[in-house]
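Start at 1 and go down the list; that is how both ligands and their atoms are numbered. These numbers come from the heavy atoms of this one structure, side chains and all, not from hydrogens, waters or symmetry mates.
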Amino acid sequence: MEVTVGTAALALALLALPVLYERSGSFRFFCKMGFYNGWILLLALVAIPLCALRGRDVENMKIIRGLMQHVKHLYGIRMAVRGAQHFPPRQPYVVVSNHQSSLDLLGMMEVLPDRCVPIAKRELLYMGAVGVVCWLGGIIFIDRKRTHDAISVMAEAAHTMLSQDVRVWVFPEGTRNHSGSMLPFKRGAFHLAVQAQVPVVPIVISSYQHFYSKQERRFTAGQCVIQVLPPLPTRGLGPADVPALTERVRAAMLEAFEALSAELCPTAPPPAPQ
Ligand SMILES: CCCCCCCCCCCCCCC(=O)SCCNC(=O)CCNC(=O)[C@H](O)C(C)(C)COP(=O)(O)OP(=O)(O)OC[C@H]1O[C@@H](n2cnc3c(N)ncnc32)[C@H](O)[C@@H]1OP(=O)(O)O
Ligand SMILES: CCCCCCCC/C=C\CCCCCCCC(=O)OC[C@@H](O)COP(=O)(O)O
């Protein structure tokens, strides 16, 4: 008898889920984000044996990129890349891009150049299969609570870039930012570029505000533009030039971000100044 009541209650709850999904925006949001994380975890399980054949190697980022590229279709996100001709063809460089949400992975995987690895917070290493894949892909981990260690890891990255022909992707805001604008930039990426004497390639991922908002628990289909801006050379620059370089890149990115916001979500109110 107890089993029958339990089964009936479970069946009723399962039947209610589609209704809840239809009626509650918040429930839909959590389902979609839960599926996003779960799906990535599953993809990571697929990626592990494929990447393990090579061991820890930046070439594994091609496998990760290939496995991730369909995810946008599951969410009806149309992505357009502009300015891809700005990627320097055959040399190391530092990519810097804005960081709004974990959805940035989709934009990143859309344009990730060959032999390019992100710099990530070390907490990602502890995300089970995702952490293992990040390690196998050669992702560079930093401990944001230990500035000195983070700086040494980045100095080492400058050598690796040159000796192993590697490109590095940095989110200079240093954390996710849902404000609809950009936080002040930290200078690590620019020190890295100057130390290695390689160009900085700024990439702007357009605002998600018109289809995704964590605060409002809203996640619909939508359009996203990934704009690659002209590279800035660093040859001849030294540490004293880093602050000006940082501000120059941020100003160019903010201008492009605001232009894209005006184009893609013209009715949205402008974000509060940072
Ligand atoms: C198949 C499915 C599998 C799916 C798997 C998917 C995998 C994809 C993974 C994608 C990963 C994306 C992860 C994104 C992140 O984790 S973002 C967070 C981590 N990234 C960053 O934080 C980068 C930006 N941060 C910096 O650049 C910081 O400057 C940092 C180096 C971290 C230090 O930060 P902090 O402790 O806050 O110190 P300050 O920024 O205040 O810097 C202190 C002074 O040091 C100077 N400085 C900084 N860097 C350097 C350097 N490299 N060399 C020399 N000096 C440096 C800095 O300028 C400050 O001095 P001044 O104030 O300017 O005098
Ligand atoms: C054994 C433990 C198992 C844990 C399982 C966790 C499962 C998580 C599964 C998938 C996560 C996919 C998302 C990958 C990470 C996306 C990159 C990202 O956005 O990192 C955030 C970082 O930039 C800044 O962090 P903060 O905004 O400062 O915070």
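Around atom CZ of R217, no more than 12 heavy atoms belonging to other residues, nucleotides or ligands sit under 6.0 Å away. Around the CD atom of Q215, the shell of radius 6.0 Å holds no more than 12 heavy atoms that belong to other residues, nucleotides or ligands.
At a 4.0 Å cut-off, not a single heavy atom of K145 sits close enough to ligand 1 to count as contact.
When atom types are taken as modelled, the side chain of N60 and the backbone of C51 share a donor-acceptor pair closer than 3.5 angstrom. Q100 contributes a side-chain N or O that, together with a main-chain N or O of Y208, makes up a donor-acceptor pair within less than 3.5 Å. Checking side-chain atoms of Q223 against main-chain N and O of R78 turns up no donor-acceptor pair under 3.5 Å.
Using a 4.0 Å cut-off between heavy atoms, V170 contacts ligand 1 through its side chain alone, with no backbone atom that close. The residue D104 has no part lying near ligand 1, judged by heavy-atom distances below 4.0 Å. Of the heavy atoms in V46, none comes closer than 4.0 Å to ligand 1. Neither the backbone nor the side chain of I63 has a heavy atom within less than 4.0 Å of ligand 1. By the criterion of a heavy-atom distance under 4.0 Å, the side chain of Q195, and not its backbone, is placed next to ligand 1. The part of I142 lying near ligand 1 is the side chain, judged by heavy-atom distances below 4.0 Å.
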Next on the checklist: The test is side chain to side chain contact (heavy atoms under 4.5 Å, CB included); show your working for F190 and V249 and say whether it passes.
Outcome noted: CA-CA 9 Å; F190 306 94; V249 172; 3.8 Å; yes
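Nearest heavy atoms, S206 versus F257: C-CE1, 4.0 Å.
Distance from atom 37 (O) of ligand 1 to its nearest protein heavy atom, with residue and atom name: K186 NZ, 2.6 Å. The single protein non-hydrogen atom nearest to atom 17 (S) of ligand 1 is H99 CD2, 3.9 Å, given as residue, atom name and distance. Among protein heavy atoms, atom 45 (O) of ligand 1 sits closest to I151 CD1, 3.3 Å. For atom 22 (O) of ligand 1, the closest heavy atom belonging to the protein is G174 CA, 3.6 Å. For atom 3 (C) of ligand 1, the closest non-hydrogen atom of the protein is V133 CG1, 3.9 Å. The shortest contact between atom 9 (C) of ligand 1 and any protein heavy atom is with I139 CD1, 3.7 Å. Protein heavy atom nearest atom 49 (N) of ligand 1, with residue, atom name and distance: G188 CA, 3.2 Å.
Distance check for atom 14 (C) of ligand 1: a protein heavy atom is found below 4.0 Å. Atom 59 (C) of ligand 1 is never approached by the protein to below 4.0 angstrom, counting heavy atoms only.
Residues meeting the ring pair (Phe, Tyr, Trp, His ring centres under 6.0 Å) test with H191, sequence neighbours left out: none. The side-chain contact (heavy atoms from CB on, under 4.5 Å) search around F35 returns W39, L74, Y75, not counting sequence neighbours. The side-chain contact (heavy atoms from CB on, under 4.5 Å) check on V153 picks up I140, I142, with sequence neighbours excluded.
The distance criterion of under 3.5 Å between nitrogen or oxygen atoms is met by H191 with respect to ligand 1. Of the polar atoms of K121, at least one N or O is found under 3.5 Å from an N or O of ligand 1, judged by distance alone. Remark: ligand 1 and A150 share no N or O pair separated by less than 3.5 Å (distance only, no angle test).
With M109, R187, R146 as candidates, the residue nearest to atom 63 (O) of ligand 1 on a non-hydrogen basis is R187. Taking only non-hydrogen atoms, the option from L136, I40, T147 nearest to atom 33 (C) of ligand 1 is T147.
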Give a table of atom pairs where an N or O of ligand 2 lies under 3.5 Å from a protein N or O.
| from | atom 1 | to | atom 2 | distance (Å) |
| --- | --- | --- | --- | --- |
| ligand 2 | 23 (O) | H99 | NE2 | 2.5 |
| ligand 2 | 25 (O) | K121 | NZ | 2.9 |
| ligand 2 | 27 (O) | T175 | OG1 | 3.0 |
| ligand 2 | 27 (O) | R176 | N | 3.0 |
| ligand 2 | 27 (O) | R176 | NE | 2.7 |
| ligand 2 | 27 (O) | R176 | NH2 | 3.4 |
| ligand 2 | 28 (O) | R144 | NH1 | 2.9 |
| ligand 2 | 28 (O) | R144 | NH2 | 3.2 |
| ligand 2 | 28 (O) | T175 | OG1 | 2.6 |
| ligand 2 | 29 (O) | K121 | NZ | 3.0 |
| ligand 2 | 29 (O) | R176 | NH2 | 2.9 |

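Between E110 and K72 there is a salt bridge, since at least one side-chain N of the basic residue sits less than 4.0 Å from a carboxylate O of the acidic one. A salt bridge does not link R187 with E247: none of the charged nitrogens is closer than 4.0 Å to a carboxylate oxygen. Ionic pairing of D104 and R176 is not present here: no N-O contact between side-chain nitrogen and carboxylate oxygen is shorter than 4.0 angstrom.
The contact set between ligand 1 and L105, taken as ligand atoms under 4.0 Å from a residue heavy atom, comprises 8 (C), 9 (C), 10 (C). Using a 4.0 Å cut-off to heavy atoms of M154, the atoms of ligand 1 that qualify are 31 (C), 52 (N). Near C134, meaning under 4.0 Å from one of its heavy atoms, ligand 1 places the atoms 7 (C). Taking every heavy atom of F171 and a limit of under 4.0 angstrom, the matching atoms of ligand 1 come to 12 (C), 14 (C), 23 (C), 24 (C). Every atom of ligand 1 is numbered from 1 in the order shown, and the set under 4.0 Å from a heavy atom of A120 is 11 (C), 13 (C), 15 (C), 16 (O).
For the pair Q85/V228, no side-chain contact is recorded, criterion being any heavy-atom separation below 4.5 Å from C-beta on. In this structure the side chain of K32 reaches within 4.5 angstrom of the side chain of Y21, judged on heavy atoms. Using a 4.5 Å heavy-atom cutoff, the side chains of I63 and R54 are in contact.
Relative ring orientation between F29 and Y212 is described as tilted, the plane-to-plane angle lying within the 30° to 60° band.
The distance from atom CE of M108 to atom OG of S97, rounded to the nearest 0.5 Å, is 6.0 Å. Separation of atoms CZ (R218) and NZ (K214) is listed at 14.5 Å; rounding is to 0.5 Å.
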